Every structure is written in C-alpha cells, then in structure tokens.
Visitor: 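One structure is given below, represented as structure tokens, and several questions about it will come after.
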Number of protein chains: 2
Amino acid sequence: MQKFIKNQLKQKGFKMTNQRKMILQVLENTDTCLSAEEIFMLVKDINPSVCLTTIYRTIEILIKNNLLTKIDVGDNRYRYEIRTNKHHHHAVCLKCKKMICLEGCPMDYFEKQIKDKVNFTITGHRLEFYGYCLECK
Amino acid sequence: MQKFIKNQLKQKGFKMTNQRKMILQVLENTDTCLSAEEIFMLVKDINPSVCLTTIYRTIEILIKNNLLTKIDVGDNRYRYEIRTNKHHHHAVCLKCKKMICLEGCPMDYFEKQIKDKVNFTITGHRLEFYGYCLECK
DNA sequence: GGGTAATTGCAAATGGTTTGCAATTAGATG
DNA sequence: CATCTAATTGCAAACCATTTGCAATTACCC
C-alpha cells in the first residue's frame, strides 16, 4: 500500500522526501481518521524537526491525487484518511469524535435513481452516521 | 413553520428579538444551505445594523435545539439549513457548492445492520453526494 | 558529484468562528 | 403603562485551523 502511494507520487513528479515518508507511515498505521494536528504530533514522535505546514502541504498533494480523503465531523477541523480501494463509510461518535469504519455501501441503487431524477453528475458521495460509541454512551 | 420554531424557542425561554426573526426569515426563504456569512449578508439587506456575531450565536441556539443542521462541503466553512420534518439528503456541486435537496433516504435498513454489527448507538446520519450540477458540468 | 527544480521550515497572514464586556432590549411583574 | 432584570446585542479583540511568501535545503536526474 505504502508502495502504491509512493509510486503514484513518483509517477507524477513528486519527490519522496523523509517528511512525506513519515506522514504516509503515520497515516497507514492508524485505524481512525487523523486531523492535521494529530498527524503532526505523530510525525514529531518519529522526527521532531517537522513542521505543521509540511503536513498541510502533503495532505493537499495527496487529496489532489485522490490518495487521501477529507472528512468533517462538525468541530471546525478536518480529519484525513488514506483512500483505500475498499469503498466504505463511518460511524462518528458525537462525543469523542472517534470514527469507526464500516463495511459496505447501500448507495449504488440510490445513485442511479438520483441521476435520473435530478440533472446532476454524481462523482462520489459521503455518508456518516452519528451517535455514541461503546465508551461514551 | 416560522411559528413552530418561534414557539420552540419561546418555550425554552429564549427571547424573540428582531435579529432572530430576521435570521429565521432568511433561513426560511432560501432553497439552498447558507453559510453564516451569507445569512449575515441577507439579514443586512433587511436591517443593516446586525452583526455577524449575532448570526453565529443564533445559529448556535438553533442547532442546540435541533432546529438547524450544520453541513460541511469541504471548503472550510459550514452551511446551515433549517431542520425540516422531512428527512432528506443533498447533491453538492463540487464547483459552485450549490446544494440540491433530494427526497428520500435508503438508509433505514442499513442502520439496523450497523446497530447489530458494530456496538454503536446511532442517533442520525448525514449523506451527501458530490458531483457537478447542470451549469457547472 | 553538480545542477536545478521541488520541498521545507519559519514567520506571518488569512479567514471562519468564538469570546469578553458594556450597552441595549424583550417580556414578566406589579 | 412603567419598572425591573436577565437575556441579548454590537463591537473589538481573541482564537485557531489552514494558507502563503520567502530564503534555505534537499531529492534526484545527468
């Protein structure tokens, strides 16, 4: 997976710097979605001389190349998740904002309906469930 | 509808000020979701002596009382929509950010599935479709 | 190993949202 | 209808996630 992203970036002419390697490593070794600040902290644990700006700039590149997804949970800060080949959705805890990955998607037939009714070209969708996780409820 | 919201607020001990009336009027006379800034501008057209802070504070009250919904489209600014009794979703244009209301929801049976699989208490969900509207495509 | 364009770190700017506070106002009470 | 009081407002400033400008550094093609 790492490999795939690295190749994608290299192919588009981006340099594989240490900072980018570390950011990718952090993004891949998590099971939730991380905010820029959280990525920053985790990368700092590996190498303290990184700056937040670099995190944001790397995020930007990854998003523009469809390698990362930006997700909003309603607290004025985005969270990011490496884009997997497995299309999926999340359950978001309203209290701690933890994001639990869910498998599957019931949208496919719905999209078709919409395409016919509204004159709108659908390129994707985003589905989040809100509620309380085991610890918070 | 106006009436309903006013009653709800009054019932909870909030005062029905001119500012709040204007904000509600603006929110009710639109067919898209408005950002705080957009609400501000529209309210200003009615009475120029309102300030953005009041918009934000009213939004906060409405959200806390389940009368307004906050929606993210990925451009660092929230949009707001009066909460109707009709549960629905949106198609969001990736270019102009216009939000087209859609009827229906294919989620109900999916929620049940999730409740059983993951240990998570679902209180709601949010579904947005992304793509390009007629004018932008 | 040298050259060059991409990348980084730093500091400062940006922009949406929030907060503190003194002045104003809605609406209950008499 | 006037008074009183707590809620609300406007203003200015703070806050904080994200973005930008720029000079110094680095990846990587030759």
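Note that the structure is predicted; figures quoted are calculated from it, not measured. Sequence lines set the chain letters: A, B, ... in the order given, protein chains first and strands last, and positions in each chain run from 1.
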Visitor: Enumerate the salt bridge (Lys or Arg N to Asp or Glu O under 4.0 Å) contacts for residues 57-69 of chain B, please, sequence neighbours excluded, ordered by first and then second residue.
Guide: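 Qualifying pairs: B:Glu60-B:Lys64.
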Visitor: May I have the distance from A:Asp75 (atom CG) to C:dT17 (atom C1'), rounded to whole angstrom?
Guide: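 Atom CG in A:Asp75 sits about 13 Å away from atom C1' in C:dT17.
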Visitor: When you match B:Ala36 and B:Lys10 each to their closest nucleotide on DNA chain C, which lands nearer the 5' end?
Guide: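 Nearer the 5' end of the strand: B:Ala36.
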Visitor: I need the CZ-P distance between A:Phe14 and C:dA5, as an integer number of Å.
Guide: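 Checked: the CZ to P distance equals 17 Å.
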Visitor: Which of parallel (below 30°), tilted (30 to 60°) and perpendicular (above 60°) describes B:His125 and B:His89?
Guide: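 B:His125 and B:His89: parallel rings.
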Visitor: Hey, is the main chain of B:Leu127 close enough, under 3.5 Å, to the side chain of A:Arg126 for a donor-acceptor pair?
Guide: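 No; zero donor-acceptor contacts below 3.5 Å.
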Visitor: If every non-hydrogen atom of A:Ile23 is compared with every non-hydrogen atom of A:Thr54, which pair is closest and at what distance?
Guide: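 Shortest heavy-atom separation between A:Ile23 and A:Thr54 comes out as CD1-O, 4.1 Å.
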Visitor: How close or far is atom P of C:dA28 from atom NZ of B:Lys15, stated in whole angstroms?
Guide: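 Rounded to the whole Å, the gap is 9 Å.
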Visitor: Taking atom P of C:dT18 as reference, at what distance in whole Å does atom CD of B:Glu37 sit?
Guide: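 Whole-Å distance recorded here is 14 Å.
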Visitor: Between A:Asp72 (CG) and C:dG16 (C1'), how many Å, whole number?
Guide: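 In whole Å, C:dG16 C1' and A:Asp72 CG are 13 Å from each other.
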Visitor: Where do B:Phe40 and B:Leu52 come nearest, in terms of heavy atoms and distance?
Guide: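 Taking B:Phe40 first and B:Leu52 second, the nearest heavy atoms are CE1-N, 3.4 Å.
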Visitor: Given axes from five pairs at either end, by how many degrees does the helix from C:dG1-D:dC30 to C:dG30-D:dC1 bend, rounded to 10°?
Guide: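 It comes to 40° between the two terminal axes.
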Visitor: Can you give the first and last nucleotides of DNA chain D, 5' to 3', that have an atom under 4.0 Å from a heavy atom of chain A?
Guide: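 Listing 5' to 3', DNA chain D meets chain A from D:dA17 to D:dC28.
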Visitor: Heavy-atom distance under 4.5 Å between the side chains of A:Asp72 and A:Arg79, does that happen here?
Guide: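 Not touching, per the 4.5 Å side-chain cut-off.
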Visitor: Tell me every residue that passes salt bridge (Lys or Arg N to Asp or Glu O under 4.0 Å) with B:Lys98, counting only those two or more places apart in sequence or in another chain.
Guide: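 Result, salt bridge (Lys or Arg N to Asp or Glu O under 4.0 Å) vs B:Lys98: B:Glu135.
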Visitor: By nearest heavy atom, map B:Met16 and B:Tyr78 onto DNA chain C; which one lands nearer the 5' end?
Guide: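 It is B:Tyr78 whose nearest nucleotide is closer to the 5' end.
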Visitor: Taking atom P of C:dA26 as reference, at what distance in whole Å does atom NZ of B:Lys6 sit?
Guide: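 After rounding, the gap between these two atoms is 13 Å.
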Visitor: Base, sugar-phosphate alone, or nothing: which one does A:Gln19 contact when heavy atoms must sit under 4.0 Å apart?
Guide: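 If one applies the 4.0 Å heavy-atom cut-off, A:Gln19 turns out to touch the sugar-phosphate alone, with no base involved.
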Visitor: So which pairs with a foot in residues 34-44 of chain B pass salt bridge (Lys or Arg N to Asp or Glu O under 4.0 Å), sequence neighbours left out?
Guide: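 Qualifying pairs: none.
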Visitor: Does the side chain of B:Leu67 reach to within under 4.5 Å of the side chain of B:Ile82, using non-hydrogen atoms?
Guide: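 No. Closest side-chain heavy atoms not under 4.5 Å.
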Visitor: Under 4.0 Å from any atom of DNA chain C, heavy atoms only: list the residues of residues 41-61 of chain A that qualify, in numerical order.
Guide: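 Those residues are A:Ser49, A:Val50, A:Cys51, A:Thr53, A:Thr54, A:Arg57.
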Visitor: Rounding to a whole Å, what distance do you find between A:Asn76:CG and C:dT19:P?
Guide: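 The answer, rounded to whole Å, is 10 Å.
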Visitor: Any idea how B:Tyr78 and B:Tyr80 line up, ring-wise: parallel (<30°), tilted (30 to 60°), or perpendicular (>60°)?
Guide: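 Judged by the thresholds at 30° and 60°, the geometry between B:Tyr78 and B:Tyr80 is tilted.
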Visitor: Look only at the side chain of A:Lys10 and the backbone of A:Met16, and say whether a donor-acceptor pair between them is shorter than 3.5 Å.
Guide: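 No: the side chain of A:Lys10 does not pair with the backbone of A:Met16.
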